[in-house]
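Below: the structure, in structure tokens.
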Amino acid sequence: MESDILDSHGFLIGEELEGDDFHYVEEDQKNENIGPSSIPYPSSTGSKNNDLIRNSRIGELASNKAGLQGIDKEKVKQIIYEASKNSAFYLNEEKKDEALSIKLKQMMKKYESLKKQNLSTINSKVDNLVQVAERERDLSHIIVHIDMDAFYASIEERDNPSLRNKPMAVGDNSMLTTSNYEARNYGVRSAMPGFIAKKLCPELIIVPCNFDKYRAVSKQIREIFSRYDPDYTPMSLDEAYLDITKYLDTIDESPDNVVEQIRREIHEETKLTASAGIAANKLLAKICSDLNKPNGQYRLQNNVDDIMNFIRPLSVRKIPGIGRVTERILNEMDIKTCGAILDNRVYIHQMFSSSSFNFFIRAALGIGSNIVKTDHKRKSKSISRTFSSLSKPDDLYEKLRELADHLAADLLKERLQGKTIAITFKLVNFKMITRERSVKKYIHTADDIYNIGKQVIFININRIIPLQTFESTLITFINRF
DNA sequence: GCGGATCAC
DNA sequence: TATGGTGATCCGC
Ligand SMILES: Nc1ccn([C@H]2C[C@H](O)[C@@H](COP(=O)(O)OP(=O)(O)OP(=O)(O)O)O2)c(=O)n1
Ligand SMILES: [Mg+2]
């Protein structure tokens, strides 16, 4: 029963590794071009379909993250929709949305039947599980999450004062990595195509990425972090967790003052601003770092009452690991806030896997990992490129050759070898196909990668053209030498 | 072990 | 004209 229906959507992504710590991302971006983006949010459902079980990725942008005071969210949605509709990208989003709606309907059937049942026996069992979770609460650490403000954009503004006080974004006409706060007032956001952003804000200035600069600044701020916690955990170029419990023992200062000082040092040494959250664990610190952004900080006291009062009214979407899809699933069950997660714990228990249940409950209780460590072993190394569509096998092989060479060079830098190779194809209709293959011997050379990739292409040639994006990943590592 | 989905930045 | 790149996890087979 656990979660037969909910099949795929993988919740848990971050926290649930929990016992240890969050995941961790190192030196991102290598791409020269422009790069970035992840899961675009494009469109908006300008066309109103009354079906509530539909609309996840469509719209929902104007998240208020930073401003949007004066702007009309509906207008923004409309403009994005007009610019997106009928595009291959948008059609694919609609298709994914449709598939999700079908799953949701199934889930709702189960949910409705649960509501009719007498769950009193389950009830006490679930309450017991909540108590077990509660026992894991640890309020003995002071954890800080630091997050630079509009990171890439702030660096570009710093280095080119003519960009200041104007709506500006970093990327190119195809994709933006981030925008400054002025641009956010127009609805311009990370992972938005530049050409759409310009419809929202015709005066928008778009500057190209300089990843080397961002990496250099990242190095600077990490050095500052190390002064306060040598074991700090970097989560990306602009973000890290620190456990300043020990540091506080060495001085007579409040957590707030220490964090003020960290942010001051960042500003003095980089001329950039950061925001921070201070709380008992990583989950809460992360949520807090967003509250007074930009250039602010927020302290949540290590106190159960304060924590519960803080988390109860929070939208589930604020929980790291609950994204667009999971939010929509929960909303279907009338669960919009963390408090509602607790209220509906029995249903959550019946609807989801036990690990998902634990993840939701812990989040709703404000319980999270407080383990902050630097050590990290990568589990995969990948390279991907998007290009104008290709259909001739030989062209695909040529692309594969380039990627294989590049990947092999990267592997060499870290002396890595692996025994599983994954090739991901993104078709021009944005459908993605992954084919993975394990080999007996560890591989690391460009030729090995190329030869395996070539077979994979050959076997799948009919379903992967015309091709738009090509990605090659090596997994299952051990070190060479 | 594989393939699709989700999530973060 | 045009919707990224990198790394990780979960679920159902
Ligand atoms: N989909 C994304 C999201 C972010 N980034 C890059 C650009 C950002 O500058 C940087 C940090 O991401 P954040 O989510 O912290 O966003 P910002 O720092 O830009 O803004 P803020 O933290 O003030 O909201 O990562 C990216 O390339 N692609
Ligand atoms: Mg940031």
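Chain identifiers are assigned alphabetically (A, B, ...) following the order of the sequence lines, protein sequences preceding nucleic acid strands; residue numbering begins at 1 within each chain. Treat the numbers as computed from the prediction; the structure is a model and nothing was measured. Only heavy atoms go into these numbers, but all of them, side chains included; no hydrogens, no water, no symmetry mates.
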OP1 or OP2 of C:dG7 less than 4.0 angstrom from a side-chain nitrogen or oxygen of A:Lys381, does that happen here?
-> yes
Rounded distance (Å) that lies between atom P of C:dT3 and atom NZ of A:Lys85 = 18 Å
Below 4.0 angstrom from OP1 or OP2 of C:dT1, is there any side-chain N or O of A:Ser388?
-> no
Does A:His376 place a side-chain N or O at less than 4.0 Å from the phosphate oxygens OP1/OP2 of C:dG7?
-> no
If you pin A:Ile383 and A:Phe430 to their nearest nucleotides in DNA chain C, which one's is more 5'?
-> A:Phe430
Look up atom OG in A:Ser275 and atom CD in A:Glu239, then write down how far apart they are to the nearest 0.5 Å.
-> 11.0 Å
Which of the following nucleotides, C:dC11, B:dC2, B:dG4, is nearest to the side chain of A:Ser355?
-> C:dC11
With A:Leu91, which residues qualify under side chain to side chain contact (heavy atoms under 4.5 Å, CB included), at least two apart?
-> A:Glu94
What integer distance in Å separates A:Ile206:CD1 from C:dT1:P?
-> 15 Å
N or O in side chain of A:Ser87 less than 4.0 angstrom from C:dT1 OP1/OP2 = no
A:Arg184 side chain to A:Ser179 backbone, donor-acceptor under 3.5 Å = yes
A:Lys379 vs C:dT9: side-chain N/O to OP1/OP2 distance below 4.0 Å | yes
Nearest whole angstrom, please: distance from the P of B:dC7 to the NZ of A:Lys286.
-> 15 Å
Atom pair distance, as rounded to whole Å: NZ in A:Lys377 and C1' in C:dA8 | 16 Å
Take atom CD1 of A:Ile319 and atom P of B:dC7, then tell me their distance rounded to the nearest Å.
-> 13 Å
How would you label the contact of A:Lys198 with the nucleic acid (heavy atoms, under 4.0 Å): base, sugar-phosphate, or nothing?
-> nothing
Nearest to side-chain heavy atoms of A:Val325, which nucleotide of B:dG3, C:dA2, B:dC7 | B:dC7
Whole-Å gap separating P (C:dT3) and NZ (A:Lys96) | 14 Å
5'-most contact on DNA chain C: A:Gln468 or A:Ser382, nearest heavy atom basis?
-> A:Gln468
Using only side-chain N and O atoms of A:Ser380, determine if any of them is under 4.0 Å from OP1 or OP2 of C:dT6.
-> no
Using whole Å, report how far CZ of A:Arg215 lies from C1' of C:dT6.
-> 12 Å
According to a strict under-4.0 Å criterion, is A:Ser438 in side-chain N/O contact with OP1 or OP2 of B:dC2?
-> yes
For C:dT6, take OP1 and OP2 only and decide whether either is under 4.0 Å from a side-chain N or O of A:Arg378.
-> no
With ring-ring contact (aromatic ring centres under 6.0 Å, His included) as the test, would you mind laying out the steps for A:Phe357 and A:Phe352 before giving the verdict?
-> CA-CA 6 Å; A:Phe357 169 80; A:Phe352 299 95; 9.3 Å; no
Starting at atom CE of A:Met432, determine the distance to atom P of B:dC7, rounded to an integer number of angstrom.
-> 15 Å
Has A:Arg324 got a side-chain N or O lying under 4.0 Å from the OP1 or OP2 atom of B:dT6?
-> no
Verify the neighbour count for atom NZ of A:Lys95: are there more than 12 heavy atoms of other residues, nucleotides or ligands below 6.0 Å?
-> no
Could you tell me whether the side chain of A:Ser154 and the main chain of A:Ala150 form a donor-acceptor pair under 3.5 Å?
-> yes
Check every atom of C:dT3, B:dC7, B:dG4 against the side chain of A:Thr326 and return the nucleotide holding the closest atom.
-> B:dC7
Report yes if at least one side-chain N or O of A:Ser236 is closer than 4.0 Å to OP1 or OP2 of B:dA8; otherwise report no.
-> no
Picking from C:dA8, C:dT3, C:dT6, which would you name as closest to the side chain of A:Ser84?
-> C:dT3
